[in-house]
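Accompanying notes for the structure given below.
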2 protein chains.
Amino acid sequence: MNEISEQLHGKGRYATRTRERVAQVLREERRYLTAHAIHEMLVARGISISLSTVYRTLELLVGLGVAATRGEENGEISYVFCTVQHHHHAVCRTCGRVEEVGCGPLARFARDLRAGQGFELEDHAIELYGRCSDCAKR
Amino acid sequence: MNEISEQLHGKGRYATRTRERVAQVLREERRYLTAHAIHEMLVARGISISLSTVYRTLELLVGLGVAATRGEENGEISYVFCTVQHHHHAVCRTCGRVEEVGCGPLARFARDLRAGQGFELEDHAIELYGRCSDCAKR
DNA sequence: AATAATTTGACGACGAATCGCAAATTCATG
DNA sequence: CATGAATTTGCGATTCGTCGTCAAATTATT
Ligand SMILES: [Zn+2]
Ligand SMILES: [Zn+2]
Ligand SMILES: [Zn+2]
Ligand SMILES: [Zn+2]
């Protein structure tokens with residue numbers, strides 16, 4: 001019984017094979033995927049699952065804090081595996097891999113912002129794009 | 001003839017009353033609005049315009065670099081008035097006002113990131129949330 | 001195995017966004 | 001200002017992502 005199963009069990013939800021499979025895709029891929037893409041990947045593996053269930057499971061995982069969403073420019077919603085603590089995502093433009101990074105230097109940024117235009121920073125959303133260590137070598 | 005009209009004229013597009021009205025809403029509001037919201041605001045002013053035209057005009061303004069988009073979590077797309085040069089948005093959580101801010105401190109952030117996990121930063125997307133100077137006083 | 005609670009899949013509803021085409025508007029030209 | 005070509009607009013239909021309903025299936029418990 002893994003971490004997600006324990007969280008589900010603690011909240012009176014069932015830890016089903018179906019849910020574990022959706023979570024497994026996110027754990028393996030580590031990049032932003034739409035519900036549709038996840039569904040297709042599971043079907044390609046010979047697993048029978050409905051698109052509705054994929055949506056519901058993703059919503060559940062986001063609620064548990066183990067998945068994060070991002071609104072794409074075309075209106076689609078993408079999901080990615082995620083840890084609970086506050087962090088940001090560095091997205092590789094070559095392979096799509098998502099790495100988590102902290103946000104230490106933002107403290108100084110917030111101070112400058114308040115001094116400059118009186119804006120009191122409460123929160124921030126950052127996405128970083130570039131090349132992951134593997135792809136940068138090639 | 002304003003700045004947007006000139007840009008349109010230079011690209012063989014017509015500077016129409018309709019387009020100017022959509023741009024005017026963005027200029028006045030300075031916050032993220034959906035195409036639907038913009039359409040309703042224009043209709044409320046007694047202006048007859050189709051939702052299709054609002055969508056097409058917004059797409060055009062984004063292409064001109066005077067509007068920016070953001071994918072919302074529910075799949076909608078929001079638009080905001082924007083200058084061409086690189087910058088980020090500080091969004092007031094009380095009134096929704098969007099202010100533009102630079103990203104000077106990010107240079108150090110990029111250096112630390114490369115040293116820490118080998119990620120080569122090429123670009124970034126940042127959204128800041130908090131209270132604008134007006135709302136912070138109350 | 002029996003039971004109760006939860007989840008799943010199939011289907012349809014809903015809304016955002018887009019497309020095609022005829023009518024209207026814009027703009028250059030005379 | 002009148003004319004005509006080019007572009008834009010509005011309308012309706014269409015596509016597509018997402019979510020709701022409900023009976024059937026699955027899960028956990030005894
Ligand atoms: Zn994350
Ligand atoms: Zn990579
Ligand atoms: Zn404010
Ligand atoms: Zn920047």
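Lettering follows sequence order; numbering is per chain, from 1. Computed from heavy atoms alone, side chains included, the values below leave out hydrogens, waters and symmetry copies.
If you measure from atom CD1 of B:Ile4 to atom P of D:dT8, you get 15 Å, rounded to the nearest angstrom. As a whole-Å value, the separation of A:Leu33 CG from D:dG17 C1' is 16 Å. Taking atom CD of B:Glu72 as the reference point, atom C1' of D:dT18 lies 16 Å away to the nearest angstrom. For the pair A:Leu42 CG and C:dG9 P, the computed distance is 10 Å after rounding to whole Å. In this structure, the CD atom of A:Glu20 is 15 Å from the P atom of C:dT7, given to the nearest Å. In this entry the distance linking CD of A:Glu59 with P of D:dG17 reads 18 Å, nearest Å. Spacing between atom CD1 of A:Ile38 and atom P of D:dG17 amounts to 14 Å, rounded to whole angstrom units. D:dT8 atom P lies 8 Å from atom CG of B:Leu8, rounded to whole Å.
Between the B:Thr57 side chain and the B:Thr53 main chain, a donor and an acceptor come within less than 3.5 Å of each other. With B:Arg19 contributing its side chain and B:Tyr14 its backbone, the two residues share a donor-acceptor pair below 3.5 Å. At distances below 3.5 Å, not a single donor-acceptor pair connects side-chain atoms of A:His39 with backbone N or O atoms of A:Val54.
Listed pair A:Arg17 / D:dT27 meets the phosphate criterion, a side-chain N or O lying under 4.0 Å from OP1 or OP2. For the OP1/OP2 pair of C:dA28 and a distance below 4.0 Å, the side-chain nitrogens and oxygens of B:His9 include at least one atom meeting the criterion. OP1 or OP2 of C:dT7 sits under 4.0 Å from a side-chain N or O of A:Arg13.
Comparing B:Leu60 and A:Thr16 along DNA chain D, the residue whose closest nucleotide (by nearest heavy atom) sits nearer the 5' end is B:Leu60. Residues A:Arg19 and B:Ile77 both approach DNA chain C. Their nearest nucleotides, taken by heavy-atom distance, put A:Arg19 toward the 5′ side.
Contacts of B:Thr34 with the nucleic acid, taken as non-hydrogen atoms under 4.0 Å apart, are absent.
Note on B:Glu28 versus B:Arg45: salt bridge recorded, some NZ/NE/NH1/NH2 to OD/OE distance being below 4.0 Å.
In summary, the side chains of B:Asn74 and B:Glu76 do present a donor paired with an acceptor at a separation below 3.5 Å, with no hydrogens or angles considered.
Taking Ile, Leu, Val, Met, Phe, Trp and Tyr as hydrophobic and joining them when side-chain heavy atoms fall under 4.5 Å apart, one finds B:Val91 in a cluster with B:Tyr32, B:Val80, B:Val98, B:Tyr129.
In the set D:dG10, C:dC27, C:dT6, C:dT6 carries the atom at the smallest distance from any side-chain atom of A:Tyr14.
Across residues 50-58 of chain A, A:Ser50, A:Ser52, A:Thr53, A:Arg56 each have a non-hydrogen atom less than 4.0 Å from an atom of DNA chain C (numbered order).
For CZ of A:Arg27, the number of neighbouring non-hydrogen atoms (other residues, nucleotides, ligands) closer than 6.0 Å is greater than 12.
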